[in-house]
Amino acid sequence: MSELYFKRPMPHGGKLVERVITDKKIAKKFVDSLKRTGKSFEIKPTLHYKRGVPVRNVYREIMSVCYGFFSPVEGSMTSAELESVLSKRRLLSGWIFPYPILFDISKEDYQKLGVTEGDRLLLTLKGRPFAILDIEEIYEIDPEELANRTFGTPETNPEVVREKFDDKHPGWVIYRSHQPIILAGKYTIINEPVFRPPFDRFWCPPRRCREEFEKRGWRTVIAHQTRNVPHVGHEHLMKNAAYTGDVEPCHGILVNAIIGVKRRGDYPDEAILEAHEAVNKYGYIKPERHMVTFTLWDMRYGNPLESLLHGIIRQNMGCTHHMFGRDHAAVGEYYDPFATQILWLKGIPSYGFDQPVNLVDGGLTIRPQNMREFLYCPVCKEMVYNDTCGHKKNWQKLSGSLIRGLVAEGVQPPVIIMRPEVFKVVVKWWKKFNYPFVNEKYVMIKEEELEVDIPELD
Amino acid sequence: MEYIIEVFLDEYRLNKLKGTPVESQIDAVFGGELKVVRVKVGEEVKGEVLKAFETARIDSRACITDTPVAFKRAVFDEIAKQKSLNEDVVKAVLARINEIKDLAAKESEFLPAPEIETD
């Protein structure tokens, strides 16, 4: 029987990256020695290359690298690693990885800093020591070329890219807004940030997450990616996708929200986390089987590429399965709506995958659970799966956008499409921010406050 | 391709459409819990709406969504005025787009939350 059981997957790359110094005395020594050299840099948000509003904060990437979410990535990529990721979606070690991870600074900052290869740079956040960067290489990029090559074009990636990426695509904007000088090297966090409420109770980095699965006796766990408050369609996706497993349905459902700068019209991060929590708090999926966590990342909305990153993160967290739906982590019509499914079922040769990403060398071991759509069927009088229900012409599609439209007009969505407790969470944060969705004001407040505070080292 | 702008109807809006030719085109969706009318538009009008509003997007149902509330209100007012669900309704709204953009700009700072009890 035991040969039928799935084992918890190894972290991507073989071992979890953990680059966090927790001993305050050691951290203090680092800071003192770095203060003598005077080489320190205050982390600033990346600003939109045209409009000047925040679109990213590299601190989130440093957190996700150092706590192992992005294992085996250990820092800001060298030029050779960047080229390898852009041309083959692989690190130099051969492990697959979809996106450039870079520590970028302006030419002016570079001149002021006066750093060279081999230097150690103290990174401060909110004016306090946060991390160090051991500089292995310094090089220059062309941000527009970086943005174009990161996502591809209809000509270079005809299998899945439908439209040329432009400044309406938030992920393209993030890379286009990178500063031109890259400091490449490993990051180490020397002063652990403290999460603010409500983020504090959902923070569960990979090692702790794996321990939690052990504690709960979860052999099989299916991951649910989210950047949204859950409607009943999401709930059905989670419940039904979780019927997969090995000899029995998955023991656990791990909701892992992506927390960071989002596009206007998405829900505030605080509402996303608490709304998912409401799903288990009010018993729609019992808490013994459902756990809500997050990863810090300014979403790139790269559909198949983003799904690859999601697979890596959740494999590192210890999940055996990952559910993927239609338009996974997508925005607009840049990609085929099922580009993620194509990647995981057939592969996308132009991105470097001539086979599904589980079958290529350096690939993932987390299993995809590719799902189509859940809709409301007025004949069945319930939410149905499109590959099951035969009343196609009667279907009523449920989308996050439809619900956002109702919410904005102050119409409480019917219980058949959003749980009342979930709507209450939306309204709770709406009252706090005077707006139900992410707007410019929210982004400005959020990027100033961030999700964390930095403690004093003394 | 055809795109759809959905306008949801509460009691007030239902009354405004009572007795008009639009009344017979009102749909009930999600088990009858929501009433809606749909305006169909072509590529050109869809493009103009997406250009006008940064948040606007096309969802999986080919609906133009995430437009400002001011735009949706204007579309409804125009439907009630023209007593029609023709594309001309949206064209008439686009003709006064600057006025709607001004309203939308204010609305992007503040929307009143519904008066329901929260934790």
Side-chain angles (χ1 to χ4, degrees), chain A residues 51 168 232 263-266 274 278 281 325-327 330-333 337 373 375-378 381-383 395-417 420-421 423-441, chain B residues 1 3-14 27-36 38 43 46-47 50-76 104-119:
Chain A
R51 295 173 40 229
K168 280 206 96 173
V232 176
R263 71 186 297 266
R264 311 298 178 269
D266 282 351
E274 288 197 344
K281 201 166 158 187
R326 183 189 200 280
D327 274 329
V331 62
E333 295 170 274
E373 290 177 84
L375 320 100
Y376 180 75
C377 173
K381 294 196 191 313
E382 62 180 2
M383 295 296 296
W395 288 345
Q396 289 161 9
K397 283 195 176 190
L398 208 150
S399 76
S401 311
L402 169 119
I403 297 168
R404 276 194 297 275
L406 291 171
V407 169
E409 291 196 79
V411 178
Q412 175 156 357
V415 289
I416 207 161
I417 56 178
E421 296 90 343
F423 185 65
K424 274 190 178 182
V425 170
V426 171
V427 175
K428 172 187 164 182
W429 290 100
W430 184 345
K431 286 178 178 171
K432 159 99 176 150
F433 297 117
N434 287 320
Y435 202 70
F437 310 119
V438 170
N439 60 7
E440 210 132 297
K441 199 169 154 197
Chain B
M1 189 171 165
Y3 298 89
I4 298 160
I5 296 175
E6 287 185 320
V7 181
F8 294 100
L9 308 171
D10 56 13
E11 282 305 309
Y12 171 80
R13 287 180 175 180
L14 282 167
D27 277 334
V29 291
F30 298 108
E33 295 203 43
L34 269 182
K35 302 281 192 300
V36 63
R38 298 185 176 94
E43 284 288 347
K46 174 214 80 168
L50 291 191
K51 200 173 144 200
F53 305 113
E54 192 205 356
T55 55
R57 60 178 101 174
I58 308 295
D59 77 1
S60 57
R61 306 162 304 146
C63 287
I64 303 172
T65 65
D66 296 84
T67 51
V69 173
F71 175 76
K72 290 179 205 161
R73 279 197 197 117
V75 172
F76 175 77
K106 285 177 198 148
E107 163 197 313
S108 71
E109 287 284 307
F110 176 77
L111 273 177
E115 280 312 312
I116 64 165
E117 218 175 279
T118 55
D119 294 337

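Order of the sequence lines fixes the chain letters, A, B, ..., with proteins taken first and strands second; residue numbering starts at 1 for each chain.
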J.: Please classify the contact between F76(B) and chain A as side chain, backbone, both or neither, with a heavy-atom cut-off of under 4.5 Å.
T.: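 Looking at F76(B), nothing touches chain A.
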J.: Under 4.5 Å heavy-atom distance to chain B, tell me which part of K168(A) shows up: side chain, backbone, both or neither.
T.: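 Side chain only.
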J.: Pick from V415(A), D327(A), I416(A): which one has the most heavy-atom pairs with chain B under 4.5 Å?
T.: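 Among V415(A), D327(A), I416(A), the one with the most close pairs to chain B is I416(A).
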J.: Would you say that F437(A) contacts T55(B) through its side chain, given a criterion of any heavy-atom pair below 4.5 Å between the two side chains?
T.: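 When only atoms from C-beta onward are counted, T55(B) and F437(A) do not touch, as no gap falls below 4.5 Å.
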J.: Of all the heavy-atom pairs spanning R264(A) and E54(B), show the shortest one and how long it is.
T.: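 Heavy atoms of R264(A) and E54(B) come nearest at CG-OE1, 4.0 Å.
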J.: Are the side chains of L402(A) and F30(B) in touch, meaning some heavy atoms are under 4.5 Å apart?
T.: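 Sidechains of F30(B) and L402(A): in contact.
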J.: Can you say whether R263(A) sits under 4.5 Å from chain B via the side chain, the backbone, both, or neither, judging by heavy atoms?
T.: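 Answer is side chain: those atoms of R263(A) sit under 4.5 Å from chain B.
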J.: Which answer fits P68(B), side chain, backbone, both or neither, if we ask what part of it has an atom under 4.5 Å from a heavy atom of chain A?
T.: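 For P68(B), neither part sits under 4.5 Å from chain A.
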J.: With a 4.5 Å cut-off on heavy-atom pairs, point out which of E409(A), E421(A), K441(A) contacts chain B the most.
T.: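 Looking at each option in turn, the highest pair count goes to E409(A).
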J.: Side-chain contact test, heavy atoms from C-beta onward, threshold under 4.5 Å: evaluate it for W430(A) versus P114(B) and give yes or no.
T.: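 In short, these two side chains touch, coming nearer than 4.5 Å.
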J.: So for A28(B), is it side chain, backbone, both, or neither that comes closer than 4.5 Å to the heavy atoms of chain A?
T.: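 A28(B) touches chain A through backbone heavy atoms alone.
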J.: Quick check: are there more than 12 heavy atoms from other residues, nucleotides or ligands sitting under 6.0 Å from CD of E43(B)?
T.: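 Check passes, neighbour count above 12.
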J.: Considering only heavy atoms, which portion of E109(B) lies under 4.5 Å from any heavy atom of chain A: side chain, backbone, both, or neither?
T.: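 Contact with chain A involves both backbone and side-chain atoms of E109(B).
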J.: Which heavy atom in L111(B) sits nearest to a heavy atom in A408(A), and how many Å separate them?
T.: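 Looking at all heavy atoms of both residues, the closest pair is CD1-O, 4.0 Å.
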J.: Quick check: closest heavy atoms across A113(B) and K431(A), and the distance to 0.1 Å?
T.: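 Nearest heavy atoms, A113(B) then K431(A): CB-CG, 3.8 Å.
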J.: Counting only heavy atoms closer than 4.5 Å, note whether I116(B) contacts chain A via side chain, backbone, both or neither.
T.: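 It is both, since atoms from each part get that close.
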J.: Quick check on R61(B) against chain A: is it the side chain, the backbone, both or neither that has a heavy atom closer than 4.5 Å?
T.: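 R61(B) touches chain A through backbone and side-chain heavy atoms alike.
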J.: Is E333(A) close to chain B through its backbone or its side chain, or both, or neither, when contacts mean heavy atoms under 4.5 Å?
T.: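 When you check distances to chain B, only side chain atoms of E333(A) fall under 4.5 Å.
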J.: I'd like to know which of K72(B), E6(B), R57(B) tops the heavy-atom pair count under 4.5 Å against chain A.
T.: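 That would be R57(B).
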J.: For P337(A), is it the side chain, the backbone, both, or neither that has a heavy atom closer than 4.5 Å to a heavy atom of chain B?
T.: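 Neither part.
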J.: Quick one: pull up OG1 in T65(B) and CD1 in I403(A) and give me the separation to the nearest 0.5 Å.
T.: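 Taking OG1 in T65(B) and CD1 in I403(A), the distance rounds to 11.5 Å.
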J.: Side chain, backbone, both or neither: which part of V69(B) has a non-hydrogen atom closer than 4.5 Å to chain A?
T.: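 Contact with chain A is through the side chain of V69(B) alone.
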J.: With sequence neighbours excluded, tell me which residues meet side chain to side chain donor-acceptor pair (under 3.5 Å) with R404(A).
T.: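 For R404(A) the side chain to side chain donor-acceptor pair (under 3.5 Å) partners, ignoring immediate neighbours, are S401(A), D66(B).
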J.: For the candidates K428(A), E440(A), Q396(A), K424(A), which exhibits the highest count of non-hydrogen atom pairs separated by less than 4.5 Å from chain B?
T.: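 Among K428(A), E440(A), Q396(A), K424(A), the one with the most close pairs to chain B is Q396(A).
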